[in-house]
Amino acid sequence: MPSTVVTFGELMLRLTAPGREALLQSPMLATCFGGAEANVAVALAQLGTPARFATVLPDNALGASALGELRRHGVDVSAVARAPGRLGLYFVAAGAGPRASEVIYDRADSVFARCPVDFDWPVILSGASRFHVSGITAAVSEAAEAAALAAMRTARGLGVPPA
């Protein structure tokens with residue numbers, strides 16, 4: 001069995017306009033959870049590679065639902081912290097004809113942007129074969145940058161290469 005790949009980043013609620021409609025053209029928006037590193041963890045788990053996702057989610061119903069969605073896809077959520085706060089959002093409208101796709105992020109002051117927890121990176125990275133984090137994680141906020149840098153330093157110290 002392959003070794004675990006650990007990913008770290010923000011998981012957000014995605015709100016999508018139906019079909020090729022512009023945002024708010026319809027009274028309905030489809031919802032799902034997404035975020036670069038969470039998407040990588042889900043894809044790896046679906047392909048049979050053990051994946052552990054590290055993040056912080058709000059300690060409310062949205063956070064619980066996001067956690068359940070990760071579990072449903074077979075992602076190890078033992079490194080997910082919970083804290084009071086809000087879940088980041090992003091809105092997507094697929095392009096149609098000459099109109100380009102549109103993405104609007106609403107992640108300011110999300111619980112991940114505040115990153116109010118100290119992650120135990122040696123424990124989280126224990127047994128990992130690779131560590132994945134993207135540049136956007138460090139760009140979310142100073143707190144997220146500090147957590148990402150701590151994770152990368154720990155991974156390097158443990159000999160866990162980047163994915």
Which side-chain N or O atoms in residues 151-163 pair as donor and acceptor under 3.5 Å with protein atoms at least two apart or in another chain?
residue: Thr154; atom: OG1; partner: Ala150; partner atom: O; Å: 2.8

Which pairs of donor and acceptor atoms, one on a side chain in residues 25-35, lie under 3.5 Å apart (sequence neighbours left out)?
residue: Gln25; atom: OE1; partner: Ala22; partner atom: N; Å: 2.8
residue: Ser26; atom: OG; partner: Met28; partner atom: N; Å: 3.1

Might you work through the side chain to side chain contact (heavy atoms under 4.5 Å, CB included) test for Ile104 and Leu23, ending with a clear yes or no?
CA-CA 10 Å; Ile104 300 170; Leu23 284 172; 3.7 Å; yes

Test log, rule side chain to side chain contact (heavy atoms under 4.5 Å, CB included), inputs Leu70 and Val42
CA-CA 7 Å; Leu70 291 168; Val42 167; 4.2 Å; yes

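- In this structure Arg130 satisfies the side chain to side chain donor-acceptor pair (under 3.5 Å) test with no other residue, sequence neighbours excluded.
- Residues forming a side chain to side chain donor-acceptor pair (under 3.5 Å) with Asp109 (at least two apart in sequence, or on another chain): none.
- For His73, the side chain to side chain donor-acceptor pair (under 3.5 Å) test picks out Gln46, Glu69, with sequence neighbours left out.
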Run the side-chain donor-acceptor check on residues 114-125: report pairs under 3.5 Å with partners two or more places apart or on a different chain.
residue: Arg114; atom: NH2; partner: Pro84; partner atom: O; Å: 2.5

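- In this structure, the side chain of Ser3 does not engage the main chain of Ser129 through any donor-acceptor pair within 3.5 Å.
- Side-chain contacts under 4.5 Å among hydrophobic residues (ILVMFWY), followed directly or transitively, place Val5 together with Val40, Leu44.
- Phe53 is linked by a ring pair (Phe, Tyr, Trp, His ring centres under 6.0 Å) to nothing, counting only residues two or more places apart in sequence or in another chain.
- Remark: Ser110 pairs with Glu10 by the side chain to side chain donor-acceptor pair (under 3.5 Å) rule, at least two apart or across chains.
- For residues 52-68, the side-chain hydrogen bond (donor to acceptor under 3.5 Å, both in side chains) pairs, not counting sequence neighbours, are Arg52-Asp76.
- Residue Phe91 holds its CZ atom at 7.5 Å from CG of Leu24, rounded to the nearest 0.5 Å.
- Listed by chain and number, the residues in a salt bridge (Lys or Arg N to Asp or Glu O under 4.0 Å) with Arg14 amount to none (sequence neighbours excluded).
- Within the structure, side-chain hydrogen bond (donor to acceptor under 3.5 Å, both in side chains) contacts touching residues 88-102 (residues at least two apart or in different chains) do not occur.
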